[in-house]
Amino acid sequence: MKAAGLQSVVSTFREIKSRAESQWWELRDGGKPVVLVGTATCGRAAGALEVVQAIRDELKKQKLDCPVIEVGCMGHCYAEPIVTIIKPGYPPICYGHVNPVIAERLIREFILGDDPCLEFVLGALEENDLVPSFSDFPRAKFEKKVILKNCGYIDPQQIEHYIANGGYSALVKALQMPPEKIIDEVKRSGLRGRGGAGFPAGEKWEICRNASGKPKYLICNGDEGDPGAFMDRAILESDPHSVLEGMLIAGYAIGAPFGYLYVRAEYPLAVRRAQLALRQARKLNLLGRNILGSDFSFDIKLFQGSGAFVCGEETALIASLEGKPGIPHYRPPYPATNGLYGKPTLINNVKTLSFIRHIIQNGAEWFVSIGTERSKGTAVFALAGKVVNTGLTEVPMGTTLRQVIFDVGSGIPGGKRFKAVQIGGPSGGCLPESALDLPIDFDSLADAGAMMGSGGMIVLDEDDCMVEIARYFLDFTQRESCGKCTFCRLGTKQMLEVLDEITKGKGKIKDLDMLVELAEDIKAGSLCGLGKTAPNPVLSTLRFFRDEYEAHIKEGRCPALMCRELIAYYIIPEKCERSCDACVGTCTVEAISANKKRVKVIDQEKCVKCGTCLTSCPPQYNAVVKLSPPSQVPASK
Amino acid sequence: MIEEQAKVKQQTRRILNRFGRKRENLIPILQKVQGKLGYFPREAMLEIAEFLDMPEIDVYSVVTFYNQFRLIPPGKHSVRVCLGTACHMKGGYIALDAWKRRLDIDRGQTTLDREFDLETVACVGCCVMAPVTVVDDKPQAKVEPTKVDGILLSFKLEKERQGEESR
């Protein structure tokens with residue numbers, strides 16, 4: 001690149017940055033209180049939009065002039081909706097579980113008055129003497145936020161916030177480097193693809209750069225289809241520019257003029273926020289022709305997926321971009337040499353690209369200093385299921401499962417016992433308690449029979465049936481199989497049928513050997529990752545929880561009391577409070593009635609086993625129980 | 001009926017005019033057309049095939065391949081039950097049963113009065129609120145059978161209120 005071009009890049013960006021910074025600091029230190037509300041999808045599900053409305057109404061009523069900003073997801077999803085108030089003279093304070101009533105109180109008592117309403121505090125964003133800060137939380141010791149750092153703190157709908165917090169500086173730095181140097185930096189960083197397989201990103205970039213064929217394409221894979229993973233969604237909703245910046249740097253490094261941002265259809269908010277981000281970046285000439293006056297031109301088009309899990313596989317994703325059904329094809333040739341329209345195409349996951357700007361900014365050595373021998377950097381996990389602190393977390397590679405689940409996630413709610421953790425979605429596996437001290441990285445998880453996948457972590461407790469979870473995943477992959485490979489199309493169906501029978505208590509012990517046999521065949525006979533990994537949930541549960549399979553088959557009993565064909569709900573007459581009708585009123589199918597003594601009885605014929613009676617029975621009586629096998633229910637007199 | 005078909009053709013054509021005649025535009029076209037019509041009547045697919053100069057069967061194959069596209073008209077309100085892992089383990093299948101029971105339809109169907117359609121989705125990414133049902137684009141948290149009844153009741157009340165107002 002010509003020196004004149006570079007000077008203009010630096011000076012143009014300096015101006016943009018100083019404008020953005022003055023905007024940011026005016027907001028933060030302008031003397032006015034600022035209210036931040038997390039309105040990512042997780043916040044919205046918990047009622048964040050109602051909270052925003054209540055805050056706006058109350059501010060108007062009190063004639064207060066203070067900005068209300070919608071931010072993304074902080075990762076503390078368990079405490080949504082989350083409101084942060086930054087008031088001069090106080091540290092920025094974060095409130096959890098806010099509803100419209102609490103929101104109004106916060107406005108009246110904290111913003112108008114001077115009472116920071118400590119009873120609703122979740123934590124402060126900075127260390128101070130008044131309230132504990134997030135960095136004082138026990139989990140802070142284990143977390144290291146790199147790509148989630150901005151999430152929940154900046155307004156994803158204002159590019160200035162991103163720029164003021166260091167955004168697009170890495171792009172400017174990259175534009176001053178020769179592309180080979182960038183690729184070398186990424187290679188030395190040891191960054192591995194965060195989409196699941198963990199292929200070294202730098203190597204992929206190099207192959208693509210050296211491949212012949214023009215134009216080259218770049219695709220950011222945001223088709224986060226693993227049920228139970230939602231970090232790509234959170235990043236796109238909370239910090240979309242970090243993904244765009246990664247794409248720009250990657251496009252520059254491999255010599256691509258054009259990129260696609262492929263986002264799942266099920267994420268409408270992520271699509272909207274990414275689209276807005278693209279428009280804003282174009283307006284500042286951070287995207288488009290001759291970016292910042294340099295001779296590098298790059299544009300990005302957002303493409304919405306249409307709800308097919310298999311499209312997370314790169315060749316299927318390319319097929320869908322070309323307007324075809326998302327059916328994978330045989331590799332090699334890999335997309336890096338022969339991808340979209342037969343041209344060299346680099347496909348990276350949202351998280352992989354989010355790391356790029358940090359690597360360019362801080363250098364490969366910094367990145368190498370985090371993580372384990374063969375897996376560098378941090379890993380983002382989505383914690384869900386039976387865990388207290390559900391949400392997102394980012395920890396250095398090499399952190400143990402126990403630390404993530406019990407220290408970051410605060411363990412299992414309701415005093416239940418941990419049973420297993422499901423990692424890697426339908427391609428992953430269930431790991432038992434004995435694997436809890438495993439340091440997490442790409443290789444250790446694969447050795448243990450699971451895989452990193454996209455980082456969804458579902459914690460299971462004693463009430464979760466391992467046969468049922470294997471059946472669930474098979475049901476999913478069987479439905480999502482594109483049908484190209486016979487083993488995947490028919491084999492998964494066959495496995496599902498066997499598992500269905502087992503969960504209904506009709507399985508035979510020799511079925512277990514058949515499951516293993518089928519699993520091996522499907523793995524060998526499938527082209528793409530979907531088929532190759534589909535049997536993993538069955539194999540890992542069979543390996544660690546064979547006794548549960550046997551209980552279903554031999555005794556017709558579901559040890560976790562989950563499989564509906566193998567359980568019955570029963571009201572213990574001695575415990576039933578005769579004057580209480582809670583279960584009768586709530587039963588959705590009117591299967592409960594009172595007998596002559598006013599003791600409630602469930603009509604087993606009518607019962608659909610939805611469990612409403614069990615939840616509605618007041619804890620002081622606790623009269624409803626689940627029994628397995630159903631034959632344990634005493635015959636009614 | 002013929003009038004209806006002509007209308008579908010016209011609406012489809014109006015959307016098509018905004019796109020280039022390239023196959024890569026097929027999925028974005030389909031998304032826009034479904035956004036307008038709610039589903040794919042035969043005429044719409046024929047129109048798209050002609051516009052992109054591709055076999056009709058190929059349009060049909062793409063429509064049926066992707067979960068997002070539907071071949072039957074949607075209801076006024078959409079009910080999408082999340083069956084992601086977290087939702088499933090926390091009783092998403094129980095919520096699905098409750099919806100099926102109350103609406104008296106199976107997944108992928110629309111009620112006879114075209115008030116509701118019932119679909120399942122793989123994961124809407126709100127795992128922490130499990131089990132989730134997305135009703136008219138609003139994710140509803142912790143949907144148990146009683147909440148299903150509550151949501152349906154609120155629609156019923158709203159409809160009655162509107163009926164009274166219009167009277």
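Throughout, protein chains are lettered first and strands after them, A, B, ... in sequence-line order, and every chain is numbered starting at 1.
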Exercise for review: Of all the heavy-atom pairs spanning B:Glu24 and A:Phe303, show the shortest one and how long it is.
Suggested key: O-CE1, 4.4 Å

Revision key, fill the gap. For A:Lys324 and B:Ile27, the nearest pair of non-hydrogen atoms, with its separation, is O-CD1, 4.2 Å

Check your understanding: With a cut-off of 6.0 Å (strictly less than), are more than 12 heavy atoms of other residues, nucleotides or ligands near CD of B:Glu160?
Key -> yes

**Study point:** Contacting moiety of A:Val459, where chain B heavy atoms sit under 4.5 Å
**Key:** neither

Check your understanding: Any sub-3.5 Å donor-acceptor pair from B:Thr85's side-chain atoms to A:Pro227's backbone N or O?
Key -> yes

Review point. Should we say atom NZ of B:Lys138 is surrounded by more than 12 heavy atoms from elsewhere, each under 6.0 Å from it?
Key: yes

Exercise for review: Identify which of A:Ile469, A:Ile327, A:Asp226 forms the greatest number of heavy-atom pairs closer than 4.5 Å to chain B.
Suggested key: A:Ile469

Exercise for review: Output the option from A:Tyr78, A:Phe230, A:Phe473 having the highest count of non-hydrogen pairs under 4.5 Å with chain B.
Suggested key: A:Phe230

Check your understanding: Is A:Arg564 paired with B:Asp97 through a side-chain N to carboxylate O contact shorter than 4.0 Å?
Key -> yes

Practice item. Please check if the side chain of A:Tyr472 supplies one atom and the backbone of B:Met89 the other of a donor-acceptor pair under 3.5 Å. Key: no

Exercise for review: Pick one of side chain, backbone, both or neither for B:Ala130, based on which atoms fall under 4.5 Å of a heavy atom in chain A.
Suggested key: neither

Review point. For B:Asp53, does the CG atom have more than 12 heavy-atom neighbours from other residues, nucleotides or ligands under 6.0 Å away?
Key: no

Review point. What part of A:Met231 lies closer than 4.5 angstrom to a heavy atom of chain B: side chain, backbone, both or neither?
Key: neither

**Study point:** Spacing of SG belonging to B:Cys87 relative to CD1 belonging to A:Ile458, to within rounding of 0.5 Å
**Key:** 9.0 Å

Exercise for review: Decide if atom CG of B:Leu153 counts as having more than 12 heavy atoms of other residues, nucleotides or ligands within a radius under 6.0 Å.
Suggested key: yes

**Study point:** chain A contact via B:Gln31 - which portion, at a heavy-atom distance below 4.5 Å
**Key:** side chain

Review point. Would you find more than 12 non-hydrogen atoms of other residues, nucleotides or ligands less than 6.0 Å from B:Gln162 atom CD?
Key: yes

Exercise for review: Please examine the side chains of A:Ser306 and B:Phe65, heavy atoms only from C-beta on, and report whether any two atoms are closer than 4.5 Å.
Suggested key: no

Point to revise | Taking every non-hydrogen atom, the tightest pair across B:Met129 and A:Ala46 | key: CE-CB, 3.5 Å

Check your understanding: Using non-hydrogen atoms only, which part of A:Gln304 is less than 4.5 Å away from chain B: side chain, backbone, both, or neither?
Key -> both

Review point. With chain A, which of B:Arg102, B:Gln140, B:Arg101, B:Lys142 has the greatest number of heavy-atom pairs at distances under 4.5 Å?
Key: B:Arg101

Check your understanding: Of the backbone (N, CA, C, O) and the side chain (C-beta and beyond), which part of B:Arg80 lies under 4.5 Å from a heavy atom of chain A, both, or neither?
Key -> neither

**Study point:** Minimal non-hydrogen separation, A:Gly385 against B:Lys90, with atom names
**Key:** O-NZ, 3.3 Å

Point to revise | Side chain / backbone / both / neither for A:Val310 at chain B, heavy atoms under 4.5 Å | key: side chain

Review point. What's the shortest heavy-atom distance between A:Thr41 and B:Pro139, and which atoms?
Key: CG2-CG, 4.4 Å

Practice item. Check the surroundings of atom NZ in B:Lys100: do more than 12 heavy atoms from other residues, nucleotides or ligands lie under 6.0 Å from it? Key: yes

Point to revise | Close side-chain approach of A:Phe476 to B:His88, heavy-atom, < 4.5 Å | key: no

Check your understanding: Counting only heavy atoms not in B:Phe19, do more than 12 fall under 6.0 Å of its CZ?
Key -> yes

Check your understanding: What residue, out of A:Arg479, A:Arg44, A:Glu80, has the most heavy-atom pairs lying under 4.5 Å from chain B?
Key -> A:Arg479

Review point. Quick one: does A:Thr588's side chain get under 4.5 Å of B:Asp149's, heavy atoms only?
Key: yes

Check your understanding: Which atoms of A:Leu49 come close to chain B, meaning under 4.5 Å heavy atom to heavy atom: side chain ones, backbone ones, both, or neither?
Key -> neither

Practice item. Against chain B, label A:Glu224 side chain, backbone, both or neither, depending on which of its atoms sit under 4.5 Å from a heavy atom there. Key: neither

Review point. Counting N and O atoms only, with roles assigned by atom type, does the side chain of B:Tyr66 sit under 3.5 Å from a partner on the main chain of A:Gly326, one being a donor and the other an acceptor?
Key: yes

Review point. Can you say whether A:Glu480 sits under 4.5 Å from chain B via the side chain, the backbone, both, or neither, judging by heavy atoms?
Key: side chain

Review point. Is it true that atom NZ of B:Lys147 has more than 12 heavy atoms of other residues, nucleotides or ligands lying nearer than 6.0 Å?
Key: yes

Study note, to complete from the structure: Checked B:Gly91, B:Ala122, B:Ala141 vs chain A; the most non-hydrogen pairs under 4.5 Å come from B:Ala122

Practice item. Check whether A:Cys587 gets within reach of chain B through its side chain, its backbone, both or neither, counting any heavy atom under 4.5 Å. Key: neither

Point to revise | Max heavy-atom pair count under 4.5 Å with chain B, selected residue of A:Gly456, A:Pro325, A:Ala384, A:Ser616 | key: A:Pro325

Check your understanding: Of all heavy-atom pairs between B:Asn67 and A:Ala308, which one has the smallest distance, and what is that distance?
Key -> ND2-CA, 4.3 Å

Review point. Using a cut-off of under 4.5 Å for heavy-atom pairs, which of A:Gly483, A:Gly305, A:Cys465 has the most such pairs with chain B?
Key: A:Gly305

Revision key, fill the gap. dist A:Met562:CE -> B:Tyr93:OH (nearest 0.5 Å) comes out at 4.0 Å

Check your understanding: Under a 4.5 Å heavy-atom cut-off, does chain B meet the side chain of A:Leu321, its backbone, both or neither?
Key -> backbone

